[in-house]
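Quick notes on the structure that follows.
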Amino acid sequence: TLALVLDELERMQRIVNDLLVLAKAEQPDFLDLATVNLTDLTREVYEKAQALGPREWHLERIGRGIIVGDRQRITQAVMQLAQNAVQHTQDKGDIAIGSALRNGEARLWVRDAGEGIPVGEQDQIFQRFSRRRNRRSSEGAGLGLAIVRAIAEAHHGRVEVDSSPGEGSMFTITIPADQPTGSLEVVP
């Protein structure tokens with residue numbers, strides 16, 4: 001009984017923390033903007049993501065250059081996408097992480113070989129408390145992709161999904177390489 005109660009408390013704490021992130025996303029100090037090396041960021045996220053589950057992880061592409069963004073929030077968003085990919089991909093299934101920098105935009109993506117998402121559900125998955133009907137996993141409250149969207153939008157960007165049932169999904173966060181705000185801290 002104690003183990004069940006502690007597990008439920010932990011789950012509730014994660015929900016509260018996610019709701020706090022969404023509430024903070026509307027505040028002007030949500031992001032801690034600095035210059036970020038996209039190459040280093042991509043490699044770091046890839047290394048962290050591999051610990052999420054026994055999948056066939058691939059570093060698909062590495063963008064080269066410097067962007068202005070919140071390193072921790074971008075990492076949080078890509079790690080959420082990687083966690084979702086693990087939940088929707090079979091053991092030893094392929095998951096790729098990549099980035100690119102071109103035309104003044106940074107793109108970071110996670111591509112999986114999971115079950116895919118029907119076109120009719122793709123717009124809804126970014127809403128708060130939205131959960132897929134056919135989920136294999138019952139974890140989560142349906143806030144993860146809403147947080148990803150909030151982080152992308154706070155960077156004046158967007159998140160998109162390209163998916164077909166049975167063919168996997170590719171989630172892409174696109175943000176302007178330069179953010180329209182004041183002084184910056186240089187981050188290696």
Side-chain angles (χ1 to χ4, degrees), residues 7 10-25 41-61 63 69-100 106-155 157-175:
D7 186 60
E10 184 178 320
R11 187 183 72 78
M12 290 172 64
Q13 183 63 45
R14 282 193 311 262
I15 292 170
V16 168
N17 288 340
D18 287 349
L19 288 169
L20 286 172
V21 168
L22 288 169
K24 288 178 186 176
L41 175 65
T42 305
R43 286 190 172 125
E44 289 169 14
V45 169
Y46 173 72
E47 292 298 321
K48 290 177 183 179
Q50 291 180 74
L52 295 174
R55 305 298 187 269
E56 293 295 325
W57 292 93
H58 305 280
L59 187 53
E60 197 163 67
R61 184 172 175 193
D70 185 322
R71 179 185 210 91
Q72 289 182 347
R73 293 292 186 198
I74 295 170
T75 298
Q76 178 182 9
V78 177
M79 291 298 291
Q80 179 63 55
L81 294 177
Q83 178 63 47
N84 285 5
V86 168
Q87 289 176 347
H88 295 285
T89 304
Q90 300 290 333
D91 286 354
K92 301 297 182 185
D94 288 337
I95 299 176
I97 291 177
S99 66
R107 295 175 59 237
L108 296 105
W109 64 85
V110 176
R111 183 178 49 78
D112 68 51
E115 68 261 13
I117 305 164
V119 174
E121 293 182 31
Q122 290 180 12
D123 287 337
Q124 300 161 359
I125 61 174
F126 295 102
Q127 302 299 318
R128 293 178 187 191
F129 303 109
S130 175
R131 295 182 57 173
R132 297 259 335 271
R133 291 183 198 127
N134 299 0
R135 285 188 66 155
R136 290 187 302 138
S137 171
S138 62
E139 293 179 22
L143 295 171
L145 290 176
I147 290 171
V148 172
R149 185 183 68 187
I151 291 169
E153 289 176 354
H155 281 90
R158 64 193 179 280
V159 61
E160 299 169 329
V161 61
D162 181 16
S163 183
S164 296
E167 297 183 18
S169 301
M170 181 169 166
F171 286 84
T172 304
I173 299 168
T174 304
I175 60 172

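Heads up: numbering here begins at 1 and tracks the sequence. Note: hydrogens, waters and symmetry copies are ignored here, and every other heavy atom, side chains too, is used.
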Handout entry: Contact check, side chains of Val78 and Tyr46, non-hydrogen atoms, under 4.5 Å
Key = no

Problem - Nearest heavy-atom neighbours spanning Ala77 and Val148 - result: O-CG2, 3.6 Å

Completion exercise
The side-chain contact (heavy atoms from CB on, under 4.5 Å) partners of Glu56 (sequence neighbours excluded) come to His58, Lys92, Asp94

Handout entry: Partner residues of Glu160 under the salt bridge (charged side-chain N to carboxylate O under 4.0 Å, His left out) criterion, sequence neighbours left out
Key = Arg158

Practice task
Kindly write out the residues that satisfy side-chain contact (heavy atoms from CB on, under 4.5 Å) with Ala150, not counting sequence neighbours, or none if the list is empty.
Solution key: Leu22, Ala25

Handout entry: Working for side chain to side chain contact (heavy atoms under 4.5 Å, CB included), residues His88 and Ile117
Key = CA-CA 10 Å; His88 295 285; Ile117 305 164; over 6 Å; no

Problem - Expected output: side-chain Gln80 to main-chain Leu145 donor-acceptor under 3.5 Å - result: no

Exercise for the section: Would you indicate whether the side-chain heavy atoms of Thr75 and Asp70 approach each other to under 4.5 Å? Expected result: no

Handout entry: Main-chain N/O of Trp109 paired with Thr172 side-chain donor or acceptor, under 3.5 Å
Key = no

Completion exercise
What one should report as the nearest heavy-atom pair of Ala82 and Leu52 is CB-CD1, 3.7 Å

Fill in the blank from the handout: Taken in chain and number order and not counting sequence neighbours, the residues that satisfy salt bridge (charged side-chain N to carboxylate O under 4.0 Å, His left out) with Glu60 are Arg111

Practice task
Evaluate whether atom CD of Glu153 has more than 12 neighbouring non-hydrogen atoms of other residues, nucleotides or ligands under 6.0 angstrom away.
Solution key: yes

Exercise for the section: Report the distance from atom CD1 of Ile97 to atom CE of Met79, rounding to the nearest 0.5 Å. Expected result: 7.5 Å

Handout entry: Validation row: Val159, Ile151 side chains within 4.5 angstrom (heavy atoms)
Key = no

Exercise for the section: Report yes or no: does Arg55 contribute a side-chain atom to a donor-acceptor pair with the main-chain N or O of Val86 at less than 3.5 Å? Expected result: yes

Exercise for the section: Would you check if Arg71 and Leu41 make a side-chain contact, meaning some heavy-atom pair closer than 4.5 Å? Expected result: yes

Handout entry: Closest non-hydrogen atom pair between Ala49 and Trp57, with its separation
Key = O-CZ2, 3.2 Å

Completion exercise
What one should report as the nearest heavy-atom pair of Ala152 and Ile173 is CB-CG2, 4.0 Å

Handout entry: Ile125 side chain reached by Phe171 side chain, heavy atoms, under 4.5 Å
Key = yes

Problem - Atom of Thr42, atom of Gly98 and distance for their closest heavy-atom approach - result: CG2-C, 4.4 Å

Exercise for the section: Not counting sequence neighbours, which residues clear side chain to side chain donor-acceptor pair (under 3.5 Å) with Ser163? List them please. Expected result: Ser169

